[in-house]
Amino acid sequence: MNFKRPRGTADILPEDQPYWGHVYDVASKVANQFGYHRIDTPTFEDTNLFERGVGNETDIVQKEMYSFEDHGGDLITLRPEGTASVCRAYIENGLHNLPQPVRMYYAAAMFRYERPQAGRVRQFHQFGVEAIGDASPEVDAEIIELGWKYIADLGIKNVTLRINSLGDAEGRADYINELEKYFLSVADQLPKVDRDRLTRAPLRVLDSKAKETQALANAAPKSIDFITGEAKEHWEALLALLDNLEEVYPDFSYKVDHRLVRGLDYYNRTVFEFEPSDVSGSQGTLIAGGRYDPLMGILGGQETPAIGFAGGLERLILELKKLELPVPSSKGPEVVVVTLGGAGSAGAALASGLRAASVSTVLAPKRSMKAQMRFANQQNASNVVILGDREVENGIASVKSLGEGGGQAEVSLDAASIAAHVLASGNQ
RNA sequence: GUGGGCGUAGUGAAGAGGUUAUCACGCUAGGUUGUGGCCCUGGAGACGAGGGUUCAAUUCCCUCCGCUCACCCCA
């Protein structure tokens, strides 16, 4: 009986690491460009944080959380998303005392008990950003710009940005009422999935995948027609700011989509999503976010406006692979040390000396010379240093460059000389 | 939770109710005594599990398990 990884988890093998390194590197680079600082929160939290923060009625809380009682009797949950934790940390650590807004980002594993499929696993990874403590539409635009730039810097083109406003809590009830009324009036034309949805979450009928529903949803009442006052001003200001972005970034564009809604309870006003334009995959959303002004209050903090997004790294990597986009490849060592005969220990000593001199060095396995050369080649090494009894005796090592038409040189057998030789040829 | 597809070496594939299960890549050892990539020759390595039908099952049937895709949901 062999052990297998749990369903919905993945081993990220060395060969896949270039993709992961790339999505993490670009994430931190772009976040820093916008003045966002990294925050790490615990992998698990009090179950109650998510029940309150994510919303007790959501599927995430109802059937997807990894929850357990620990040995002290506390109810613990592996985080299914990042925003609730960041807000908890903001409140707990008194980050409202910092200059506002506080700009933070995270990149970490999340856990949801779901049926795995393309672009969806049980342990998955998100890059998320949050700007807390500023209600102005400029911050909305900034977050959207950040998300767009992240995707663009990864090299992914042809993404569609859809945006909508859910308005504030006050006006929302009226809107949902109207929406329900409308869908009920055409209920006989809805497929049963959507009739069920209508009783459960009327907003979600809007983004149904069913063809029959989509035509009806297009004609449904729009939330942006129900928003008033500050929320309306906010929305219009945001659209103007996005128009500016179109001038700065030639490829940037957005589409107001009144059928865009969110699954989590805490969102208000601005919501948005980035997804590939060629809607092939069903789990297509690469980045999704929005404003969540009510959340801080829900979690027991002071009312504090905030907005953020989260992006699925697995989905981004899937897209990178689909588009066959290049990612920085892992480099081989600068030196592989090949030893023959009784030179084994001299080789090990030389390898240590080279590493001490900051030259990446790998010792070839003790096999035939041919096998060791082949090993060096497979490691993608820049050079081999050949060390046999002859060399040890004469105090001279053969240093061979493995590149195209690389030559071979005799170098004095000491780490400093070899390091200098290797670094000099590497810099040419 | 619901519904489809699929389970043969590490990977990708082929195969037949009946002796030793095939191929490619990969791995590994060699091919003149100390020089990689190309080429050649060896070697290791597999029928997901259980039950049934049959003289005989890896092949047909059933169950389970696993993988995968979609719905649902969501990043």
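For the numbers below, each heavy atom of this structure counts, side chains included, while hydrogens, waters and symmetry mates do not. Every chain is numbered from 1 and lettered A, B, ... according to where its sequence line falls, protein lines coming before strand lines.
Distances shorter than 4.0 Å separate none of the side-chain N or O atoms of A/Gln117 from OP1 or OP2 on B/C69. Taking side-chain N and O atoms only, A/Arg197 has a distance below 4.0 Å to OP1 or OP2 of B/C72. Distances shown here put every side-chain N or O of A/Arg262 at or beyond 4.0 Å from the OP1 or OP2 atom of B/C74. For A/Arg315 and B/C74, the shortest distance from a side-chain N or O to OP1 or OP2 is not below 4.0 Å. Contact annotation: A/Arg7 reaches the phosphate of B/C67 (side-chain N/O to OP1 or OP2, under 4.0 Å).
You'll find the ring centres of A/Tyr175 and A/Phe226 inside the 6.0 Å limit. For A/Trp148 and A/Tyr249, the distance between ring centers is under 6.0 angstrom. Aromatic rings from A/Phe127 and A/Tyr106 are positioned such that their centres are separated by 6.0 Å or more.
The base of B/C73 is paired with the side chain of A/Arg120 by a donor and an acceptor separated by under 3.5 Å.
Nearest to the side-chain atoms of A/Lys209 among the listed nucleotides B/C73, B/U35, B/A70 stands B/C73.
Atom C1' of B/U58 sits at a distance of 10 Å from the matching atom of B/A46, rounded to the whole Å. For the P atoms, the distance from B/A13 to B/U54 is 36 Å, rounded to whole Å.
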All N/O contacts under 3.5 Å from nucleotides 27-34 of chain B to the protein, with atom names and distances to one decimal?
| unit_1 | atom_1 | unit_2 | atom_2 | d |
| --- | --- | --- | --- | --- |
| B/C27 | OP1 | A/Gln378 | NE2 | 3.1 |
| B/A29 | OP1 | A/Arg367 | NE | 2.9 |
| B/G31 | O6 | A/Lys370 | NZ | 3.4 |
| B/G34 | O6 | A/Arg390 | NE | 3.3 |
| B/G34 | O6 | A/Glu391 | OE1 | 3.3 |
| B/G34 | N1 | A/Glu391 | OE1 | 3.0 |
| B/G34 | N1 | A/Glu391 | OE2 | 3.0 |
| B/G34 | N2 | A/Glu391 | OE2 | 2.9 |

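Rounding to whole angstrom units, CD of residue A/Glu114 and C1' of B/U2 are separated by 15 Å. As rounded to whole Å, 12 Å separates atom C1' of B/C71 from atom CG of A/Asp194.
Using a 4.0 Å heavy-atom distance criterion, A/Arg5 is classed as making no nucleic acid contact. Using a 4.0 Å heavy-atom criterion, one finds that A/Gly119 contacts the bases of the nucleic acid, with or without backbone contacts as well. Within the nucleic acid shown, A/Leu286 comes within 4.0 Å of sugar-phosphate atoms alone, with no base atom in reach, counting heavy atoms only.
For the pair A/Lys4 and A/Gln126, both in contact range of RNA chain B, the more 5′-proximal nearest nucleotide belongs to A/Lys4.
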